Amino acid sequence: MPKKLVWVFSKRYIAGETMEEGLLASKLLNEKGIEVTVDILGEFITTLAEAEKNRDEYLEVIERFTADNVKGNFSIKPTMFGLLIDKEVCYTHLREVVKFAAEKDSFIRIDMEDSQCVDMEIDIFRRLRTEFPKHVGLVLQAYLRRTESDIIALNDINNKNYPISFRLCKGIYVEPEHLAFKGYDEVREHYLTDLKYMFENKMYAGIATHDKYLVEEALKLIEEMNIPKNMYEFQMLYGVTPELRQSIVDGGHKMRVYVPFGQQWFNYSTRRLKENPKMAQHIIKALFIRG
Ligand SMILES: Cc1cc2nc3c(=O)[nH]c(=O)nc-3n(C[C@H](O)[C@H](O)[C@H](O)COP(=O)(O)OP(=O)(O)OC[C@H]3O[C@@H](n4cnc5c(N)ncnc54)[C@H](O)[C@@H]3O)c2cc1C
């Protein structure tokens, strides 16, 4: 697909290429009562020099966004910090960023990547959570067969004063069947089991989905289990299902939008296109049918 056409598609899903564009998009969301989690695009690195550059970019972004009082936090993919090259270097970079975020009373969410990264990302999270219990959280993917037992195992570092903070999503990578549930309903079912366990065990849940059924079922759980507002939030991707997003905000629930920006928008967009290829058809149609 030509780069220019991918950009037509991307504009809706990416705040822009520069930090200023990321800031502007975040402030506009804040004005609508929505918090953000900021993601700097660029995940495939091959050298530790690139990992260092990415760490510095995050430090700069945290400095700028907190100075501008943006209501939000930051999401990081550990592979951007060299996870698949040298795990200890990655840990050191992440620790530096979490420490800086903690000094600014902010928060870092460790995104979960493909299955080869899961053990390492959980391990890094455990270490950072011990040192910075209020300032770091992890993503878990409901489609992985292992996730239920991962949540149960992580309960040992949960704490009433500083609840462990998870974002629960379905999972975006293509995984083999022996690792991941493949049925649409099966993934939904496990999503709800995981969410219920989090609520029962007083964990903070970031409910990250655009699936109306899951949103409705989560709202039912919140009501039935009397979950206080400071123990959950909803999360959505920038530009996706804005009507559903607004209905959640109107219902008085906390909403956070994942705001990606950066030079690497092409990779991000092609991944989203693969996830939802129908979007491309709509965009192509819109290029010809105006009004
Ligand atoms: C805030 C946030 C953070 C995430 N972080 C991670 C992560 O760290 N690791 C990870 O593996 N995955 C992550 N994901 C992605 C997630 O795993 C899913 O792949 C993605 O959210 C799609 O699943 P869904 O729950 O929205 O359900 P789906 O069944 O995919 O979608 C439900 C409905 O939402 C709409 N929709 C969904 N996607 C799109 C789209 N791109 N464009 C237009 N409409 C769409 C459609 O109407 C669709 O029918 C994250 C998602 C969110 C919202």
Side-chain angles (χ1 to χ4, degrees), residues 6 8-15 26 29 34-41 43 72-80 83 107-118 121-122 124-125 136-144 146-147 150 165-175 179-192 194-195 205-218 232-245 247-248 254-260 265 268-283 286:
V6 176
V8 172
F9 162 84
S10 311
K11 272 197 290 195
R12 183 179 154 190
Y13 297 103
I14 291 167
S26 300
L29 285 161
I34 295 171
E35 296 203 14
V36 296
T37 185
V38 175
D39 171 53
I40 304 176
L41 295 170
E43 58 216 86
N73 59 38
F74 306 89
S75 287
I76 295 179
K77 290 179 181 61
T79 53
M80 268 183 79
L83 183 75
F107 180 90
I108 301 295
R109 172 80 56 197
I110 301 175
D111 279 352
M112 187 58 82
E113 301 177 85
D114 63 287
S115 54
Q116 65 175 325
C117 301
V118 176
E121 293 181 355
I122 290 178
I124 287 178
F125 167 69
V136 64
L138 185 69
V139 178
L140 291 165
Q141 300 155 322
Y143 70 178
L144 285 188
R146 58 176 288 172
T147 293
D150 284 337
S165 174
F166 291 130
R167 169 196 300 152
L168 183 62
C169 63
K170 285 185 181 174
I172 208 167
Y173 301 89
V174 179
E175 300 289 357
L179 296 179
F181 302 111
K182 291 288 176 185
Y184 197 76
D185 289 340
E186 211 179 8
V187 174
R188 277 177 162 174
E189 197 183 302
H190 285 277
Y191 190 104
L192 293 171
D194 295 343
L195 185 61
I207 306 159
T209 183
H210 319 95
D211 184 341
K212 198 159 181 272
Y213 168 81
L214 283 184
V215 168
E216 283 165 359
E217 291 300 307
Y232 72 91
E233 65 185 42
F234 286 87
Q235 299 185 358
M236 290 191 177
L237 299 175
Y238 188 76
V240 179
T241 56
E243 293 85 12
L244 179 59
R245 182 178 87 194
S247 73
I248 296 170
K254 183 165 172 177
M255 172 61 72
R256 185 181 307 279
V257 165
Y258 189 97
V259 177
W265 55 267
Y268 179 90
S269 298
T270 31
R271 203 169 61 198
R272 285 281 116 74
L273 267 174
K274 276 184 199 147
E275 185 198 352
N276 198 339
K278 274 192 197 149
M279 286 303 300
Q281 291 168 23
H282 292 310
I283 290 152

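These figures come from a predicted structure and were not determined experimentally. Remember, it's 1-based here, ligands and their atoms both numbered in the order they're listed. All residue numbers refer to positions in the sequence shown, counting from 1.
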Flag, side chain of Tyr238 to backbone of Val257, donor-acceptor distance under 3.5 Å: no
Atoms of ligand 1, numbered as shown, that sit under 4.0 Å from any heavy atom of Gln141: 9 (N), 10 (C), 11 (O)
Check ion pair Arg256-Glu233 (N to O, under 4.0 angstrom): yes
Proximal ligand 1 atoms for Met112, defined as those under 4.0 Å from one of its heavy atoms: 7 (C), 8 (O), 9 (N), 10 (C), 11 (O)
Ligand 1 versus Thr241: contacting region, heavy-atom distance under 4.0 Å: side chain
Min N/O separation Arg12 to ligand 1 under 3.5 Å: no
Which of the ligand 1 atoms, numbered from 1, are nearer than 4.0 Å to a heavy atom of Asp111: 8 (O)
Under-4.0 Å heavy-atom contact with ligand 1, by part of Lys77 that carries it: neither
Under-4.0 Å heavy-atom contact with ligand 1, by part of Thr209 that carries it: both
Whether Tyr191 lies under 4.0 Å from ligand 1, heavy atom: no
Donor + acceptor pair across side chains of Asp185, Tyr213 (<3.5 Å): no
Close-contact set for ligand 1 against Tyr173 heavy atoms, below 4.0 Å: 11 (O)
Where ligand 1 meets Gly171 - atom numbers and elements under 4.0 angstrom, heavy-atom basis: 11 (O), 16 (C), 17 (O), 19 (O)
Within-shell test, Tyr143 vs ligand 1, heavy atom, strictly < 4.0 Å: no
Centroid-centroid under 6.0 Å between Tyr143 and His190 rings: no
Ligand 1 atoms in contact with Val139 (distance to a heavy atom under 4.0 Å): 7 (C), 8 (O)
Numbered atoms of ligand 1 (with element) below 4.0 Å of His210, judged on heavy atoms: 21 (O), 24 (P), 25 (O), 26 (O), 32 (C), 33 (C), 34 (O), 37 (C), 53 (C)
Nearest neighbour of atom 14 (N) of ligand 1 from the list Cys117, Cys169, Gly239, on a heavy-atom basis: Cys169
Ligand 1 to Tyr13 polar contact by distance, N or O atoms, under 3.5 Å: yes
Met236, portion touching ligand 1 at heavy-atom distance under 4.0 Å: backbone
Validation row: Val139, Arg109 side chains within 4.5 angstrom (heavy atoms): yes
Test item: Glu121 side-chain N/O and Glu113 main-chain N/O as donor-acceptor pair under 3.5 Å: yes
Per-atom contacts, ligand 1 versus Arg167 - under 4.0 Å to a heavy atom: 3 (C), 4 (C), 5 (N), 8 (O)
Salt bridge (charged side-chain N to carboxylate O under 4.0 Å, His left out) partners for Glu186, two or more places apart: none
